[in-house]
Number of protein chains: 2
Amino acid sequence: MFKPVLIEPSIYCQLDIVQFKSSCAACSLRELCLPVGLNEDEVKKLDIVSQKRKITRGGYLHHAGTKFQSLYAVRSGFLKTCVLEQDGRHQVTGFHMTGELLGLDAISTDAHTCDAIALEDSEVCEIPFAKLEEISRDIPSLMRHFHKIMSREIVRDHGVMLLLGSMKAEERLASFLLNLSRRFHLRGYSEYNFNLRMTREEIGSYLGLKLETVSRAFSKFQDEEIITVDNKHIQIKDIARLRMKLSNSDVS
Amino acid sequence: MFKPVLIEPSIYCQLDIVQFKSSCAACSLRELCLPVGLNEDEVKKLDIVSQKRKITRGGYLHHAGTKFQSLYAVRSGFLKTCVLEQDGRHQVTGFHMTGELLGLDAISTDAHTCDAIALEDSEVCEIPFAKLEEISRDIPSLMRHFHKIMSREIVRDHGVMLLLGSMKAEERLASFLLNLSRRFHLRGYSEYNFNLRMTREEIGSYLGLKLETVSRAFSKFQDEEIITVDNKHIQIKDIARLRMKLSNSDVS
DNA sequence: GAGATTAGTTGACAAAAATCAAAATAACCA
DNA sequence: TGGTTATTTTGATTTTTGTCAACTAATCTC
């Protein structure tokens, strides 16, 4: 009926949701559940609840403030989330690709706390949260899996806080590129060649830098022959030195 | 048997765990559960699982890397959590006071990802996580409450990311002081007079600033007669102008 | 496909924060 | 209590990043 893509176990802990090539419309719960060892019957009883949704480039998956009903699992495409303050301040809080789960922030207040915007045509699965909670009551491994996903988001955020709080511009960009590289690689794409889906300004917002600073850092890396930059296309030529950009500054 | 402190409903959503004066040793689950409407019988069946623990000033509640077993609810005192990288980089990710829950980051990998250190003599309740999951399976409102707590941590982290990514030193300090003020107030202390439990360096680490910059910002606020600083003691003299420090810079 | 708009690069300069240094104050411990 | 250590403040200077401006390249729209 459907064929799981072979993914080595170590990757389970990296991807929010392990991807399975599946022809069924109710895709995301299947993905959520299979890695935790559910059998076909158990998966079947979940099929009803999830639903696909397409968002074209530039479109909103959800706005901050709208009522929270569902989590969203990215099936394909690329999205950003950003928080905004009343004073016009705003910040990209994350870039999200296939297999990642959006909307976790909204559980706390039953309303989304950020905008989610597609940076390319994307497809998500909508997972009604109440249903997910209900089902996970019967399936402890699913519940644990969900808790791990939430916890992982907290850990990720702490990593970003470290980046924003203690790294210089070049270190931030190196960290960003290495993170993207790893995530593309995990999904079966090249870790050395990829296209950025976001603008310099969006990268800057995520990294707490102005777009000019981002641009200069890209140029610097290119001058040093660590990467090649051709507008949105990035080639990592010397990943070891890119990693060194992160580690070799002695921070107290 | 025990008397809940009267707390208005709006505050439920602010405190991670509503505080109840209770003489029972198994304190924290009671606190976790009562706000979600459990009766005495239901609470009783949870009493077994939780356990008190004291940490003296400077002591570790847990180290990064140690195996995850339990969440910790702060009963009294004041703690900080910090993440550390192999390269010596480190960052305070949070300050935690009565009623807040620690250890949520550890669920993802079954190991703590940060150090938790007491900034004054503190007392926590240890909540075995496996037990909490098990019990919450039978009590949907407890499960939902727990999910909200995790989600709230994510929202909080996004707020810190916004602060670190888009605010200047004085704005960060203003935001920090207002946050502390609010949290003290919620716990029944003065919102205008309080003692900092952390050093300038720890504040700086949390805010992504050097200690000298923090010190200068304090001095600036004092010169402007917005606050009075007497070493660790802070008096907020003009909270409206402190709030303005946050809002009046027009950030793009 | 041409013109308009948006995105990206680079330089010159300004602003913010870090660094270095020294002194003052507070906290801790025997 | 007194001496030691840790913390805090403040000044001078450097580094880093932001700001403004001009220009180029890419993308979108009609």
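Within every chain, numbering begins at 1; the chains are lettered A, B, ... in the order of the sequence lines, protein sequences first and strands thereafter.
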* To do: Compute the angle between the rotation axes at the two ends of the helix from C:dG1-D:dC30 to C:dA30-D:dT1, each taken over five pairs, rounded to 10 degrees.
  =>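 Comparing the axis at each end, I get an angle of 60°.
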Spacing between [X] atom [atom1] and [N] atom [atom2], to the nearest angstrom:
X	N	atom1	atom2	result
B:Asn195	C:dA26	CG	P	14 Å
B:Leu119	D:dT7	CG	C1'	14 Å
A:Glu202	C:dT6	CD	P	14 Å
A:Glu201	D:dT19	CD	P	12 Å
A:Lys220	C:dG11	NZ	P	14 Å
A:Gln222	C:dG8	CD	P	14 Å

Exercise for review: For the pair B:Arg75 and B:Glu100, find out whether any cationic side-chain nitrogen is under 4.0 Å from an anionic carboxylate oxygen.
Suggested key: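 Judged by the 4.0 Å cut-off on N to carboxylate O distance, B:Arg75 and B:Glu100 do not form a salt bridge.
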Looking only at side-chain N and O atoms, does A:Thr93 offer a donor or acceptor that is under 3.5 Å from a partner on A:Thr81?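 The criterion, which ignores hydrogens and geometry beyond distance, is satisfied for A:Thr93 and A:Thr81.
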A:Thr56 and A:Asp121: side-chain donor and acceptor closer than 3.5 Å?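 On atom types as modelled, these side chains do not qualify, holding no pair under 3.5 Å.
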Quick tally for nucleotides 15-24 of chain C: nucleotides whose base has a protein heavy atom under 4.0 Å get B, sugar-phosphate-only ones S, the rest -, giving -SSSBB----
For nucleotides 22-30 of chain D, 5' to 3', base contacts (B), sugar-phosphate-only contacts (S) and non-contacts (-) with protein non-hydrogen atoms under 4.0 Å give ----S-S--
Worksheet item: Would you say a side-chain N or O of A:Ser215 is under 4.0 Å from OP1 or OP2 of C:dT10?
Response: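 False: A:Ser215 side-chain N/O out of range (4.0 Å or more) of C:dT10 OP1/OP2.
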| How about B:Phe95 and B:Tyr206: are their ring centroids closer than 6.0 Å? |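 Yes - the distance between ring centres of B:Phe95 and B:Tyr206 falls below the 6.0 Å cut-off.
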*Should we count NZ of B:Lys232 as having more than 12 external heavy atoms under 6.0 Å?*
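Above 12, so yes.
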Counting only N and O atoms by type, is there a donor-acceptor contact under 3.5 Å from the side chain of A:Arg200 to the main-chain atoms of A:Leu211?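 No: the side chain of A:Arg200 does not pair with the backbone of A:Leu211.
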